[in-house]
Amino acid sequence: GGDVDNLMVGRNGVFYDRKGDDWDATITKIIENPISVRQAFWAPYKRFLRLVEDQIAKRASAADDEQNKKLQAQAIATAQADQAKKDPGAPVTQSAAAPTAAPPADKKVDIGTVAAIGVAVGGIATFFSSILATFLGLGMWMPIGVAALLLGISGPSMLIAWLKLRQRNIGPILDANGWAVNAFARINVPFGGALTAMASLPPGASRSFEDPFAEKRRPWRFYLFVLVVLGIGVAWFLGDFDVYLPEAARAAKILHRPEAVPATPATPSAK
């Protein structure tokens, strides 16, 4: 049960036999077969993502090797620069002469290549835009279209898994354990699911989700509370709340500040 994402050829492990003895094991080959139709549904998408990751890793590795070669050549040229100045008649190695050589001329981009790339990009954009327009044109039937697309991708894998699950035979397993069985003993789906089921907690057991080694989180709530309290205190100190507070709790009263005297209205002049 489960996936094989963490399994790879060359990875080491430990194998325990029936006597309890442990053996050093190394993965030499992986045969991946889905053990359920549900697992077969996601198999094409996992395979596609794995291929994309492999291609990205290969390109990154090639770029890293090329960069390391350039750094090595530059380091050798720098180390041999003082020798060339001291002994001008000494033979110059190929690595030292490499930086002084004229750089190769830049290859000009062919107009036909640019046109071909533009046509390819335009065709791909047209293809995806037509698919998007088709989905948007379905209206209320769009969920059915999405389901049909998913079945079109995962359907063959699910069909193959369904056929293989109903053709499983216990004969090879018995043969590997020293039994000579020539009968076609099939393994039905419930029995096969019991053999390949994921381990689960026994009845009555509970799982603790508290990690004693987890990183401590910053108390953002406490910081926010402190900022709010400080803001209220500064506003009270500046007297912004004096209008809403009783006279005994006003900042001007407690801090013995002179209260602002309201300006008296000007008396009208006698005519």
Side-chain angles (χ1 to χ4, degrees), residues 1-8 11-14 36 38-39 41-64 67-68 71 125 128-129 131-133 135-147 149-150 153-154 197-271:
D3 51 43
V4 295
D5 295 340
N6 294 327
L7 298 179
M8 60 186 65
R11 177 163 289 184
N12 299 325
V14 179
S36 64
R38 181 180 60 183
Q39 185 178 356
F41 177 83
W42 301 107
Y45 307 99
K46 290 186 176 181
R47 194 178 302 115
F48 174 75
L49 292 177
R50 194 177 299 118
L51 291 175
V52 172
E53 291 177 355
D54 292 342
Q55 293 298 324
I56 294 175
K58 288 180 180 178
R59 296 194 63 178
S61 178
D64 184 63
Q67 189 67 22
N68 289 335
L71 291 176
F128 282 106
S129 62
I131 293 179
L132 182 61
F135 273 105
L136 295 177
L138 292 176
M140 60 178 300
W141 302 101
M142 190 179 299
I144 298 178
V146 174
L149 179 61
L150 294 177
I153 298 174
S154 303
M198 293 288 293
S200 58
L201 292 176
S206 61
R207 182 183 289 109
S208 176
F209 294 96
E210 296 181 0
D211 186 5
F213 303 100
E215 296 181 358
K216 295 182 179 180
R217 298 180 179 180
R218 294 184 178 181
W220 295 109
R221 296 181 180 178
F222 176 74
Y223 294 160
L224 182 61
F225 175 76
V226 171
L227 289 177
V228 172
V229 172
L230 289 177
I232 294 175
V234 171
W236 176 84
F237 181 80
L238 295 176
D240 295 339
F241 295 153
D242 289 352
V243 182
Y244 309 100
L245 296 176
E247 184 177 358
R250 295 177 181 178
K253 182 69 174 179
I254 297 176
L255 300 177
H256 304 286
R257 293 178 182 173
E259 296 184 356
V261 179
T264 57
T267 56
S269 58
K271 295 182 180 180

Smallest heavy-atom separation, P44 atom then S154 atom, equals CG-CA, 4.2 Å
To the nearest 0.5 Å, what is the distance between CD on E247 and CD1 on I254? 11.0 Å
Partners meeting side chain to side chain contact (heavy atoms under 4.5 Å, CB included) with A63 (sequence neighbours left out): none
Applying side-chain hydrogen bond (donor to acceptor under 3.5 Å, both in side chains), name anything that partners N12, two or more places apart in sequence or on another chain. T26
Hey, are the side chains of W220 and L224 touching, using non-hydrogen atoms and a 4.5 Å cut-off? no
Please confirm whether the backbone N or O of D64 pairs with a side-chain atom of N68, one donor and one acceptor, at under 3.5 Å? yes
Partners passing side chain to side chain contact (heavy atoms under 4.5 Å, CB included) against L150 (at least two apart in sequence or in another chain): F41, Y45, V146
Could you list the residues that satisfy side-chain hydrogen bond (donor to acceptor under 3.5 Å, both in side chains) with D54, not counting sequence neighbours? none
Side chain to side chain contact (heavy atoms under 4.5 Å, CB included) with I144: which residues, sequence neighbours excluded? W141
Side-chain polar contacts of residues 228-245 - donor-acceptor pairs under 3.5 angstrom, sequence neighbours left out - could you list them?
| residue | atom | partner | partner atom | Å |
| --- | --- | --- | --- | --- |
| W236 | NE1 | A249 | O | 3.0 |
| D242 | OD1 | A251 | N | 3.0 |

